Novice: 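Got a structure for you, written out below as structure tokens; questions coming shortly.
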Amino acid sequence: MAAGRIVSVRSFGKAGFFVLSDGRARIQVYVRQDALSERDYQLSKLLDVGDQIGVRGHLFRTKTNELSIGAASLQFLAKCFLPLPEKWHGLQDVEIRYRQRYLDLIVNPDVRRVFELRTATVSAIRDVLKGHGFLEVETPMMQPIAGGALARPFVTHHNALDMKLYMRIAPELYLKRLTVGGVERVFEINRNFRNEGISTRHNPEFTMLEFYWAYVDYQRLMTFTEELLATVARQVTGSTELPYGEHTINMAAPFRRLSMRPAAAEAASVRLGASVSVDDLRGLDTARALAAKLGVEVPKGSGPGKITSLIFESLWDTDLIQPTFVYDFPTEVSPLSKQRPDDPDTVERFELYIGGFEVANAFSELNDPVEQRRRFEEQLAQHATGDHEAHAMDEDYVRALEYGMPPAGGEGVGIDRLVQVLSNSPSIRDVILFPLMRPRGDE
RNA sequence: GGGCGGGUAGCUCAGUGGUAGAGCAGGAGCCUUUUAAGCUUCUGGCCGUGGGUUCGAUCCCCACCCCGCUCACCA
């Protein structure tokens with residue numbers, strides 16, 4: 001007994017073959033007049049590609065050794081009224097593939113595999129985290145203050161309370177409140193929403209893993225991240241060698257490590273053919289001059305830290321194909337990270353790049369309420385100069401820190417982007433079942 | 001938002017300033033082990049939308065819509 005959709009028909013007068021798909025596997029069905037009732041035989045002649053049928057019969061191999069069901073009876077289940085895309089070229093038009101994903105799934109078997117891989121990835125991550133004693137939680141998606149990241153939020157309104165609400169841009173501040181509450185290992189895998197551009201690496205809603213781990217710092221997170229990603233890659237793809245476009249990405253530990261300021265200075269030296277020092281990046285005037293020479297646009301009000309990060313991204317970003325930790329960020333661009341004890345202008349933070357884009361962001365969490373308040377105030381000042389992405393003040397979060405938050409390392413991992421790397425998908429839309437599209441007139 | 005490319009049959013794609021083409025899909029016919037089955041035959045189109053140039057526009061020009069890539073913003 002089998003049931004599924006007819007994806008191919010080859011018929012010869014009084015006999016024929018159907019290929020039946022259950023969405024994952026395919027099997028051939030052999031029908032012949034003398035093996036079926038007259039009614040089922042007449043039915044078989046009316047069937048089209050796309051119809052859903054059930055088949056009863058015995059398994060056998062044809063003379064070409066194709067495993068087949070010799071049909072003894074047929075059951076008609078559903079009609080496909082609209083013609084399916086062509087069998088050989090499949091469905092190529094990406095607009096239809098994304099807007100009508102069901103067609104994409106019917107016609108292009110690899111699509112199903114990508115989404116199975118996505119689910120396997122999330123399961124593997126959960127297994128690793130649970131194995132380390134992390135508690136999975138859910139925190140608010142709708143927040144009165146959109147905190148935990150620097151991004152523009154979606155705004156909505158609650159009628160009964162007559163209040164402005166934001167779709168969250170990150171769960172960070174809620175998860176850290178939980179560490180204050182004694183949940184020393186905690187994580188969430190869920191959607192974030194950011195009201196920003198759409199590209200091959202950005203969808204307005206995307207899935208993020210965030211985890212917080214009390215009593216470890218960012219160094220420990222680096223080794224843990226190596227272990228996590230290598231394990232996930234092995235479990236999901238069977239290997240730590242991943243084809244990605246023209247490259248082969250090696251997900252085995254250890255990953256490359258680049259300290260941001262020296263790496264930016266070095267690349268700038270090469271680019272300009274003149275010696276650039278880390279100190280040039282630390283001074284406002286020298287950093288500005290350097291950005292100008294490199295053709296890097298600097299928004300008004302940017303300090304040397306912001307300029308350094310912009311210079312780094314313009315010089316390195318897309319070259320970081322192999323997994324690379326970029327670490328030790330300027331404090332100015334990291335309002336929630338803990339400073340290095342030996343250098344208050346630098347925080348214990350890293351971003352992990354794979355395939356030329358950022359996949360993870362992590363730091364030793366700032367748990368000093370006085371310093372946190374000062375950072376928020378600094379952000380408010382930047383907001384006043386027109387930076388829409390500056391972080392808002394969150395009084396309750398500061399109050400939570402005043403109760404004493406254990407030192408902790410925290411990390412966010414972009415699940416969609418990680419799945420892009422694992423599944424060799426050039427666009428984030430290839431790993432999101434229903435990516436956001438502008439509605440058309442008929443929808 | 002800027003730049004570049006694209007939009008022709010249900011799907012994959014050709015093509016031309018003068019009545020619009022192929023393959024697959026669909027209809028009819030033949031065929032009882034095929035696997036992109038085969039053969040015969042038929043059907044199928046506001047050539048993205050709206051203006052303009054022209055005797056005539058699917059083609060040339062302008063605007064707009066949608067998609068992709070890319071830059072900017074960001075993860």
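The shown structure was predicted, so the numbers you read here are calculated from the model rather than taken from an experiment. Proteins come first, then strands; the chains are lettered A, B, ... in the order of their sequence lines, and each starts at number 1.
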Novice: Just call it for Gly197(A): base, sugar-phosphate, or nothing, with non-hydrogen atoms closer than 4.0 Å on any strand.
Specialist: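 Base, at least one base heavy atom under 4.0 Å.
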Novice: Within the structure shown, what part of the strands sits under 4.0 Å from Arg201(A) by heavy-atom distance: base, sugar-phosphate, or nothing?
Specialist: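 Base contact.
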Novice: Does a side-chain N-to-carboxylate-O contact under 4.0 Å join Arg61(A) and Glu66(A)?
Specialist: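 No, Arg61(A) and Glu66(A) are not salt-bridged.
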Novice: When Phe350(A) is tested against each of Phe329(A), Phe363(A), Phe325(A), Phe255(A) for ring pair (Phe, Tyr, Trp, His ring centres under 6.0 Å), which residue passes?
Specialist: Phe325(A)
Novice: rC13(B) and rU58(B): how far apart are their C1' atoms, nearest whole angstrom?
Specialist: 16 Å
Novice: Given the P atoms of rG6(B) and rG52(B), what is the spacing between them in whole Å?
Specialist: 25 Å
Novice: When rounded to the nearest Å, what value does the distance between P atoms of rG21(B) and rU16(B) take?
Specialist: 13 Å
Novice: Check whether Gln372(A) reaches the backbone of Val398(A) with its side chain - one donor and one acceptor, N or O, closer than 3.5 Å.
Specialist: no
Novice: For Phe12(A) and rC31(B), say yes or no: do the ring centres fall under 5.5 Å of each other while the ring planes differ by less than 30°?
Specialist: no
Novice: Applying a 3.5 Å limit to both distances, which nucleotide forms a Watson-Crick or G-U wobble pair with rU58(B)?
Specialist: none
Novice: Answer with base, sugar-phosphate or nothing: what part of the nucleic acid does Glu351(A) contact at a heavy-atom distance below 4.0 Å?
Specialist: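 Touches nothing.
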Novice: Which part of the nucleic acid, if any, lies within contact of Gly412(A), taking any heavy atom under 4.0 Å across all strands shown: a base, the sugar-phosphate backbone alone, or nothing?
Specialist: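 Nothing, no heavy atom under 4.0 Å.
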Novice: Leu310(A) and Pro299(A): which non-hydrogen atoms are nearest, and at how many Å?
Specialist: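 In this case the closest contact between Leu310(A) and Pro299(A) is CD1-CD, 3.7 Å.
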Novice: Pick base, sugar-phosphate or nothing for Leu91(A), based on heavy-atom distances below 4.0 Å to the nucleic acid.
Specialist: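 The residue Leu91(A) makes sugar-phosphate contact but no base contact.
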Novice: Using the side-chain heavy atoms of Thr200(A), tell me which of these nucleotides is nearest: rU32(B), rU70(B), rA75(B).
Specialist: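 Closest nucleotide to the Thr200(A) side chain: rU70(B).
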Novice: Whole Å only: how far is the CG atom of Asp48(A) from the C1' atom of rA28(B)?
Specialist: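 Distance, rounded to whole Å: 14 Å.
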Novice: Send over the distance from Asp93(A) CG to rC66(B) P, rounded to a whole Å.
Specialist: 16 Å
Novice: Could you tell me how far rU40(B) sits from rU8(B) if I compare only their P atoms? Round to whole Å.
Specialist: 29 Å
Novice: Please walk me through it: do Arg5(A) and Asp51(A) pass side-chain contact (heavy atoms from CB on, under 4.5 Å)?
Specialist: CA-CA 6 Å; Arg5(A) 185 188 294 278; Asp51(A) 293 352; over 6 Å; no
Novice: Between rC67(B), rA25(B), rC31(B), which one does the side chain of Ser11(A) approach most closely?
Specialist: rC31(B)
Novice: Find the partner of rA20(B): check Watson-Crick (N1-N3 plus N6-O4 or O6-N4) and G-U wobble (N1-O2, O6-N3) distances, both under 3.5 Å, and reply none if neither fits.
Specialist: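 Because no pair has both required distances under 3.5 Å, rA20(B) counts as unpaired.
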Novice: Of the options rG26(B), rU32(B), rU33(B), whose atoms approach the side-chain atoms of Lys14(A) most closely?
Specialist: rU32(B)
Novice: rA25(B) C1' sits how many Å from Leu103(A) CG, rounded?
Specialist: 14 Å
Novice: With both distances under 3.5 Å as the test, what is the Watson-Crick or G-U wobble partner of rU41(B)?
Specialist: rG27(B)
Novice: Taking rA20(B) as the reference, what is the distance to rG45(B) when you measure between their P atoms (whole Å, please)?
Specialist: 12 Å
Novice: Using the C1' atom in both, what is the distance from rG48(B) to rC67(B), to the nearest Å?
Specialist: 11 Å
Novice: Step through the shown structure and confirm whether more than 12 heavy atoms of other residues, nucleotides or ligands are within 6.0 Å of CD on Glu138(A).
Specialist: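 No - once you tally the heavy atoms of other residues, nucleotides and ligands closer than 6.0 Å, there are 12 at most.
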Novice: Taking atom P of rU34(B) as reference, at what distance in whole Å does atom CZ of Phe18(A) sit?
Specialist: 16 Å
Novice: Just to be sure I understand the rule, does Lys306(A) reach a base, reach only the sugar-phosphate, or reach nothing, if contact means heavy atoms closer than 4.0 Å?
Specialist: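 Sugar-phosphate only.
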Novice: Compare side-chain N and O positions of Arg99(A) against OP1 and OP2 of rC67(B) and report whether any pair is under 4.0 Å apart.
Specialist: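 So the side-chain polar atoms of Arg99(A) do come within 4.0 Å of the phosphate oxygens OP1 or OP2 of rC67(B), strictly under.
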Novice: From NZ of Lys63(A) over to P of rA37(B), roughly how many Å is that when rounded to an integer?
Specialist: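 Interatomic distance, NZ of Lys63(A) to P of rA37(B): 17 Å.
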Novice: Expressed in angstrom and rounded to an integer, what is the separation of His89(A) atom NE2 from rA22(B) atom C1'?
Specialist: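 Going from His89(A) (NE2) to rA22(B) (C1'), I get 11 Å.
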Novice: With nearest nucleotides of RNA chain B determined for Val9(A) and Ala360(A) from heavy-atom distances, which residue corresponds to the more 5′ nucleotide?
Specialist: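 Checking each residue's closest nucleotide, the 5'-ward one belongs to Val9(A).
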Novice: Classify the side-chain pair Glu411(A)/Thr225(A) by whether it contains a donor and acceptor separated by less than 3.5 Å.
Specialist: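 Yes, because at least one side-chain N or O of Glu411(A) sits under 3.5 Å from a partner of the opposite role on Thr225(A).
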Novice: Check the phosphate of rU70(B) against Ser199(A), side-chain N and O only, distance under 4.0 Å to OP1 or OP2. Yes or no?
Specialist: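 Looking at the OP1 and OP2 atoms of rU70(B), neither is under 4.0 Å from any side-chain N or O of Ser199(A).
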Novice: Is any side-chain heavy atom of Tyr327(A) closer than 4.5 Å to a side-chain heavy atom of Arg257(A)?
Specialist: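 A side-chain contact exists here, since the closest heavy-atom pair is under 4.5 Å.
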Novice: Quick one: Leu310(A) CG to rA72(B) P, roughly how many Å, whole number?
Specialist: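 Answer to the nearest Å: 10 Å.
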Novice: 5'-most contact on RNA chain B: Glu297(A) or Leu436(A), nearest heavy atom basis?
Specialist: Leu436(A)
Novice: Tell which nucleotide pairs with rA14(B), taking only Watson-Crick or G-U wobble pairs whose two distances are both under 3.5 angstrom.
Specialist: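 Partner of rA14(B): none found under 3.5 Å.
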Novice: Ile354(A) and side-chain contact (heavy atoms from CB on, under 4.5 Å): which partner among Val421(A), Ile321(A), Thr324(A)?
Specialist: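 Of all the options given, the one that passes is Val421(A).
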Novice: Consider the side chain of Gln92(A), meaning its heavy atoms from C-beta on, and name the nucleotide among rA75(B), rU12(B), rU32(B) that approaches it most closely.
Specialist: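 For the Gln92(A) side chain, the nearest candidate turns out to be rU12(B).
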Novice: Under 4.0 Å between a side-chain N or O of Arg10(A) and OP1 or OP2 of rA37(B)?
Specialist: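 Checking rA37(B) against Arg10(A), a side-chain N or O does come within under 4.0 Å of OP1 or OP2.
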Novice: Under 4.0 Å: is that the gap between some side-chain N or O of Lys87(A) and OP1 or OP2 of rC11(B)?
Specialist: no
Novice: What integer number of Å spans the P atoms of rG44(B) and rG27(B)?
Specialist: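 Their P atoms lie roughly 15 Å apart.
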Novice: Under 4.0 Å, heavy atoms only, any strand: does Asn203(A) hit a base, just the sugar-phosphate, or nothing?
Specialist: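 Base contact.
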Novice: Ignoring backbone atoms, test whether Arg97(A) places a side-chain nitrogen or oxygen under 4.0 Å from the OP1 or OP2 oxygen of rC67(B).
Specialist: no
Novice: Looking at Arg429(A), does any N or O in its side chain come under 4.0 Å of the phosphate oxygens OP1/OP2 on rC69(B)?
Specialist: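 For Arg429(A), the contact criterion (side-chain N or O under 4.0 Å from OP1 or OP2 of rC69(B)) is met.
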Novice: Phe357(A) on top of rA75(B)'s base, within under 5.5 Å and under 30°?
Specialist: no
Novice: Between atom CZ in Arg32(A) and atom P in rU32(B), what is the gap in whole Å?
Specialist: 10 Å
Novice: Glu188(A) versus Met208(A): any side-chain heavy-atom pair under 4.5 Å?
Specialist: no
Novice: So which nucleotide does rA75(B) pair with, by the Watson-Crick or G-U wobble rule with both distances under 3.5 Å?
Specialist: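 Its partner is none (no Watson-Crick or G-U wobble pair with both distances under 3.5 Å).
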Novice: With both distances under 3.5 angstrom, what nucleotide forms a Watson-Crick or G-U wobble pair with rC64(B)?
Specialist: rG48(B)
Novice: Which nucleotide wins on minimum distance to the side chain of Pro83(A), given the candidates rG10(B), rU34(B), rG26(B)?
Specialist: rG10(B)
Novice: Rounding to the closest angstrom, what is the interatomic distance between rC73(B) and rC65(B) at atom C1'?
Specialist: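 Looking at atom C1' only, rC73(B) and rC65(B) are 25 Å apart.
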Novice: Strictly by Watson-Crick or wobble contacts shorter than 3.5 Å, is anything paired with rC69(B), and which nucleotide is it?
Specialist: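 Pair assignment: rC69(B) / rG3(B).
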Novice: Whether Arg438(A) contacts rC66(B) is assessed here as follows: a side-chain N or O lying under 4.0 Å from the phosphate OP1 or OP2. Is that the case?
Specialist: yes
Novice: Taking atom types as they are modelled, would you say the side chain of Glu66(A) forms a donor-acceptor pair with the base of rU33(B) within the 3.5 Å cutoff?
Specialist: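 There is none.
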